[in-house]
A.B. asks: 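After the structure tokens below, expect a handful of questions from me.
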Amino acid sequence: MNIAATLKSDITPDGDDYGTVSRVIELITDDYRDQPTLDDIAARLKQSPTQLQKTFTRWAGLSPKAFLQAVTLDHAKRLLRQESLPLLETSFEVGLSGPSRLHDLFVTHEAMSPGEWKARGAGLTIRYGFHPSPFGRALVMITDRGLAGLAFSDDEDGRAAFADMACRWPNADYVEDANATAAYAARIFDPARWNPQEPLRIVLIGSDFQVRVWEALLRIPIGKAVTYSDIAGSLGQPTASRAVGAAVGRNPISFVVPCHRALGKSGALTGYHWGLTRKRAMLGWEAGKA
DNA sequence: GGAATCATGTGAT
DNA sequence: ATCACATGATTCC
């Protein structure tokens with residue numbers, strides 16, 4: 001049995017739990033004024049409440065009720081409250097590049113040099129593959145220095161996601177190699193395999209400012225969140241929150257670099273490159289792990 | 001609660 | 001130069 005098949009059976013036994021979860025999220029965010037009950041939602045999806053219960057516990061170890069609470073605005077505000085600034089302040093000591101242990105997924109990161117960034121991927125070979133994940137079909141991109149890209153696709157063939165990623169480093173060579181990327185996907189989405197002894201190697205390809213923002217994101221632990229202005233402050237540029245937002249939006253390694261843990265000051269989920277529903281799903285899924 | 005408006009830093013053209 | 005932004009604060013309803 002190959003690794004990709006193993007992953008699929010581990011994470012989504014029926015193949016599409018995320019499809020159900022994302023529809024539930026959309027229903028409760030569209031109709032949040034009506035406060036739909038679990039029975040309402042199940043009926044709208046033409047499922048029984050017990051089916052829905054099974055899907056959620058399988059997906060996140062979370063009951064539907066707990067999940068619904070986890071994706072409300074109040075919950076997002078709670079994530080923000082827990083002293084976020086001390087977490088970010090130490091990012092000054094870390095500095096650019098060099099290995100360091102960060103965040104719950106134990107990542108060591110290095111940054112590409114400014115020269116490499118300007119080359120837009122020239123001379124770089126990027127191997128990629130698609131794999132099932134708790135948040136839909138994931139596109140994993142790796143270099144010999146580590147994980148460089150992680151994207152999500154909503155369409156079946158994933159062309160849009162690939163084009164989105166490939167235009168960031170237009171001069172790189174792209175080689176499909178799902179056997180090489182499967183091991184990364186298996187580790188990233190299985191908390192049981194998050195291990196400080198074997199940190200995940202990632203490489204940040206971006207401008208100096210972008211890399212500093214992404215490093216700040218790596219310091220946010222699971223179950224917490226910070227605002228864009230928190231990050232700006234930790235960079236010593238308190239008025240640059242909007243620039244931070246732009247840089248967060250260009251994060252090439254979504255989920256691993258936890259850009260979903262950046263929220264607006266009100267606790268609102270102000271945006272997400274791969275769709276706000278997916279951002280909500282990630283925060284809800286993490287509520288079951290933290 | 002919004003909606004309109006302004007100051008703001010970065011990156012692409 | 002100019003423009004688009006995953007912001008935030010202020011000032012009106």
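Every heavy atom of this structure was used, including side-chain atoms; hydrogens, water molecules and symmetry mates were not. We name chains A, B, ... by the order of the sequence lines, and we start the count at 1 in each one. Values in this document were obtained by computation on a predicted structure and should not be read as measured data.
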A.B. asks: Check whether any side-chain nitrogen or oxygen of A:Lys265 sits under 4.0 Å from OP1 or OP2 of C:dA9, and answer yes or no.
C.D. replies: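 Indeed, a polar side-chain atom of A:Lys265 lies that close.
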
A.B. asks: What is the separation between atom CD on A:Gln237 and atom P on B:dG9, rounded to the nearest whole Å?
C.D. replies: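 Those two atoms, CD and P, are 8 Å apart.
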
A.B. asks: Between C:dA6, B:dA12, B:dT10, which nucleotide gets closest to the side-chain atoms of A:Ala243?
C.D. replies: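 Of C:dA6, B:dA12, B:dT10, B:dT10 is nearest to the side chain of A:Ala243.
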
A.B. asks: How would you label the contact of A:Phe209 with the nucleic acid (heavy atoms, under 4.0 Å): base, sugar-phosphate, or nothing?
C.D. replies: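 A:Phe209: backbone/sugar contact only, no base atoms under 4.0 Å.
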
A.B. asks: With a 4.0 Å cut-off on heavy atoms, is A:Trp117 in touch with a base, just the backbone sugar-phosphate, or nothing at all?
C.D. replies: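 Sugar-phosphate: the residue A:Trp117, judged by heavy atoms under 4.0 Å, touches backbone atoms but no base.
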
A.B. asks: Measure up the A:His260 and A:Tyr272 rings against each other and bin them: parallel (under 30°), tilted (30 to 60°), perpendicular (over 60°).
C.D. replies: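 It falls in the perpendicular class, over 60°.
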
A.B. asks: Who does B:dT8 pair with, Watson-Crick or G-U, both distances under 3.5 Å?
C.D. replies: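 No nucleotide pairs with B:dT8.
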
A.B. asks: Which nucleotide, C:dA6, B:dG11, B:dA7, lies nearest any side-chain atom of A:Val248?
C.D. replies: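 Out of C:dA6, B:dG11, B:dA7, the nucleotide with an atom closest to A:Val248's side chain is C:dA6.
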
A.B. asks: Within the structure shown, what part of the strands sits under 4.0 Å from A:Ala240 by heavy-atom distance: base, sugar-phosphate, or nothing?
C.D. replies: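 Since only primed, P, OP1 and OP2 atoms lie under 4.0 Å of A:Ala240, the category is sugar-phosphate.
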
A.B. asks: From C-beta outward on A:Tyr228, which listed nucleotide comes closest to its side chain: C:dT7, B:dT10, B:dT8?
C.D. replies: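 When the side chain of A:Tyr228 is considered, C:dT7 is the closest of C:dT7, B:dT10, B:dT8.
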
A.B. asks: Give the rounded distance in Å between these two atoms: CE of A:Met282 and C1' of C:dA6.
C.D. replies: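 In whole Å, C:dA6 C1' lies 14 Å from A:Met282 CE.
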
A.B. asks: Counting only Watson-Crick pairs (N1-N3 plus N6-O4 or O6-N4) and G-U wobbles (N1-O2, O6-N3), all under 3.5 Å, who is the partner of B:dG2?
C.D. replies: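 In the structure as shown, B:dG2 has C:dC12 as its Watson-Crick or wobble partner.
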
A.B. asks: Please determine if a side-chain N or O atom of A:Ser229 lies less than 4.0 Å away from the OP1 or OP2 oxygen of C:dG8.
C.D. replies: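 Yes, A:Ser229 has a side-chain N/O under 4.0 Å of OP1/OP2 on C:dG8.
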
A.B. asks: Relative to each other, are the rings of A:Phe255 and A:Trp285 parallel, tilted or perpendicular (30° and 60° limits)?
C.D. replies: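 Rings of A:Phe255 and A:Trp285: perpendicular, as their planes differ by over 60°.
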
A.B. asks: Strictly under 6.0 Å, is that where the ring centroids of A:Tyr174 and A:Phe162 end up?
C.D. replies: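 Yes, the ring centres sit under 6.0 Å apart.
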
A.B. asks: Give the ring-plane orientation class for A:Phe67 versus A:Phe56, where under 30° counts as parallel, over 60° as perpendicular and anything between as tilted.
C.D. replies: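 Judged by the thresholds at 30° and 60°, the geometry between A:Phe67 and A:Phe56 is tilted.
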
A.B. asks: Rounded to whole angstroms, how far apart are CZ on A:Arg242 and C1' on B:dT5?
C.D. replies: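 Taking atom C1' of B:dT5 as the reference, CZ of A:Arg242 is at 12 Å.
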
